[in-house]
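Here the structure is laid out as C-alpha cells; the discussion comes afterwards.
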Amino acid sequence: MKVLGIDTIRIEEFPNLLLVEIKTNEGLIGLGETFYGPMSAEAHIHEIIAPYLVGKNPLDIEKHQKKIIGYTGFVGSSAERRGSSAVDIALWDLWGKATSQPIYNLLGGKVRDNIRVYNTCAGSHYIRKLPIQGTRNFGLEKKGKYEDLDAFLNSPVELANSLLEMDINAMKIWPFDFAAEKSQGQYISSLDMKKSLEPFEKIRDSLGNKIDIMAELHSLWNKPQAIKICKELEKFDLMWIEDPVFMDHLSTLGEVCKATSAPISVGETRGGRADYRSLLELNGLSQVIMDISWGGGISEARKVSSMTEVWHLPIAFHDCTGPVTLTASTHLALSNANCHIQEIVRAFYYGWYSDLVTDLPPINKGYIDVPNGSGLGLSLQNDVYKRSDVHIKSST
C-alpha cells in the first residue's frame with residue numbers, strides 16, 4: 001500500500017477545525033482532525049508532511065513519527081505538532097481499515113466495554129470564532145438545543161438536573177473567566193469571587209454529591225490568585241480543578257498543587273512525552289489531560305498514557321474540538337486501564353458533529369463506546385465535499 005495524496009479540508013462555518021484525509025493506491029482513505037490555527041497546521045501538512053509521506057507505506061506508522069513532526073515545532077502543541085497529530089490519527093484509521101479491525105484492537109484490545117463521560121458545559125457556538133479566545137468567543141448570542149454555558153452561569157441546578165436525566169453525572173464549568181478578564185488574571189475581588197462560586201454552591205446545596213463537578217480556570221490566573229481560587233473551591237469536593245495558571249512555568253504549577261488540597265489537573269495544551277514528563281515530575285497533579293489532536297495523535301498519546309500509569313496517575317482525553325478527535329480518543333480510552341472518564345460536549349455531540357461525519361460514538365446512560373466498523377468507524381458525510389464554504393487543498 002502507498003500513499004497517493006493528502007487532502008486538508010476547512011469549512012468556514014467551523015473556522016477552528018481542520019480535517020485531513022490520506023488517500024492510498026488501494027482506495028482506502030484515512031481520516032484525521034486537529035483544531036485551532038487550522039491554516040498553520042495545514043501549511044505544515046502540505047509543506048513538510050506530504051512531500052515525505054506521499055509514495056510511502058502508510059502502515060509504517062512508528063517509522064514516520066519523527067519525519068511528520070519535522071525539525072522544529074516538536075515541543076508543545078505547535079502548528080507542526082497539530083498537523084502531525086491529524087495525520088497520525090488518519091494513519092491509524094487507515095491501518096484499521098486495511099486490517100478490518102477497530103483501532104482499539106490495534107492498541108491491544110478493550111480493557112472495558114465503554115467508559116463514563118463528563119459534559120463540558122459549552123454551548124452550541126462555543127469557540128466557534130477564529131482565533132478569538134475568552135468570553136468574546138463564548139457564543140452566548142446563539143441558541144441551540146443545549147446552551148450549557150449560559151445555563152451554568154444562570155441556571156446551574158437546572159443544568160445539573162438535565163445532565164442527570166441523561167445519566168451524565170459529571171460536569172465541567174468555568175464561571176471565573178469573566179473575573180479574570182477584568183484584571184488580566186492579576187486580581188479577583190471578593191464580589192467576583194462570590195459570584196463565581198455561586199454555581200458550585202447552588203448545585204451542591206440542591207443536589208449534594210449526586211453529580212461530580214470540575215472547575216476550568218483556563219490558565220487565566222497568576223499564582224496568588226490561582227491559589228486563592230483553589231482554596232475557595234476546596235469545600236465543594238470537586239473531581240478536579242483544571243489549568244489554574246498559564247502552562248509556561250511549571251514550577252509555579254507545582255507550587256499551586258502544594259498550596260491546596262483540591263485536586264489539580266492539567267495537560268491538554270501540552271505536546272508529547274517530554275512535556276508530560278515535566279508535568280509528572282512535579283509529583284503534585286491528581287489527573288493528566290491530553291488532547292490527542294494537539295499532542296501527537298494516537299501514537300504519542302498511548303505513550304504518554306503509559307508514562308502516567310507509571311506515576312500512578314489517571315489520564316483523560318480532551319474533546320472540545322470535533323467528532324474525529326472524540327472518536328479517536330474513545331478508542332484510546334477503551335484500551336487504557338488508567339483512563340477512567342472521557343470528555344464530551346453534548347452541545348456539539350447532539351448538534352453539529354453529525355453534520356460532518358457518518359457515525360458517532362454511541363452514548364448510553366452516561367457511558368460512551370465507539371462506532372461499529374474498522375478503523376475509527378466513521379467517515380466524512382458526502383455533503384461535506386459539496387458545501388459552498390468548504391476549502392480543500394490537495395498534495396500528491
Checking Phe14 against Phe348 for the ring pair (Phe, Tyr, Trp, His ring centres under 6.0 Å) test, could you report, in this order, the C-alpha distance in whole Å, the side-chain angles of both residues, the deciding distance, and whether it holds? CA-CA 12 Å; Phe14 310 104; Phe348 296 177; 9.1 Å; no

Anything under 30° is parallel, anything over 60° is perpendicular, the rest tilted; go ahead and classify Trp174 against Tyr126. tilted

Compute whether any side-chain donor of one residue and acceptor of the other, for Arg82 and Ser40, lie under 3.5 angstrom apart. yes

Within the 4.5 Å heavy-atom criterion, are Met193 and Ile229 side-chain neighbours or not? yes

Hey, does the side chain of Lys97 reach the backbone of Ile29 with a donor-acceptor pair shorter than 3.5 angstrom? yes

Judged by modelled atom types alone, do Asn364 and Asn114 share a side-chain donor-acceptor pair under 3.5 Å? no

Contact between Leu378 and Leu31 at the side-chain level, heavy atoms closer than 4.5 Å - yes or no? yes

Taking atom types as modelled, find out whether Glu343 and Thr120 have a side-chain donor-acceptor pair closer than 3.5 angstrom. yes

In Glu12, Glu42, Arg10, the residue satisfying side-chain hydrogen bond (donor to acceptor under 3.5 Å, both in side chains) with His391 is Glu12

With a 4.5 Å heavy-atom cut-off, do Tyr276 and Val288 have their side chains touching? yes

Are Glu181 and Asp177 packed together at the side-chain level, in the sense that at least one heavy-atom pair is separated by less than 4.5 angstrom? no

State, with a plain yes or no, whether a side-chain heavy atom of Arg128 is found less than 4.5 Å away from one of Glu13. yes

What is the ring orientation for Trp294 with His318, classed by angle as parallel under 30°, tilted 30 to 60°, or perpendicular over 60°? tilted

Is it the case that the side chains of His249 and Glu255 hold a donor-acceptor pair, with the cut-off being a distance below 3.5 Å and no angle test? no

Is Ser206 reaching over with its side chain to a backbone N or O of Lys202, donor-acceptor style, under 3.5 angstrom? no

Taking all non-hydrogen atoms of both residues into account, name the closest pair between Ser85 and Ile292 and its distance. CB-O, 3.5 Å

Verify the distance criterion only: is there a donor paired with an acceptor across the side chains of Glu80 and Ser78 at less than 3.5 Å? yes

Using the ring centroid of each side chain, check whether His331 and Trp92 are separated by less than 6.0 Å. no

Within the 3.5 Å criterion, strictly below it, is a donor on Asp319 or Tyr353 matched to an acceptor on the partner's side chain? yes

Classify the side-chain pair Asn222/Gln184 by whether it contains a donor and acceptor separated by less than 3.5 Å. no

Can you check whether Trp352 reaches Ser124 side chain to side chain, under 4.5 Å on heavy atoms? no

Taking atom types as modelled, find out whether Thr308 and Asn338 have a side-chain donor-acceptor pair closer than 3.5 angstrom. yes

Answer whether the closest heavy-atom distance between the side chains of Cys121 and Met171 falls below 4.5 Å. yes

Regarding Ser329 and Gln342, do their side chains bring together a donor and an acceptor under 3.5 Å, going by distance alone? no

For Asn336 and Val111, run side chain to side chain contact (heavy atoms under 4.5 Å, CB included): C-alpha distance rounded to whole Å, both residues' side-chain angles, the deciding distance at 0.1 Å, then the answer. CA-CA 7 Å; Asn336 273 262; Val111 299; 5.7 Å; no

Side-chain heavy-atom pair Asn25, Met1 within 4.5 angstrom cut-off: yes

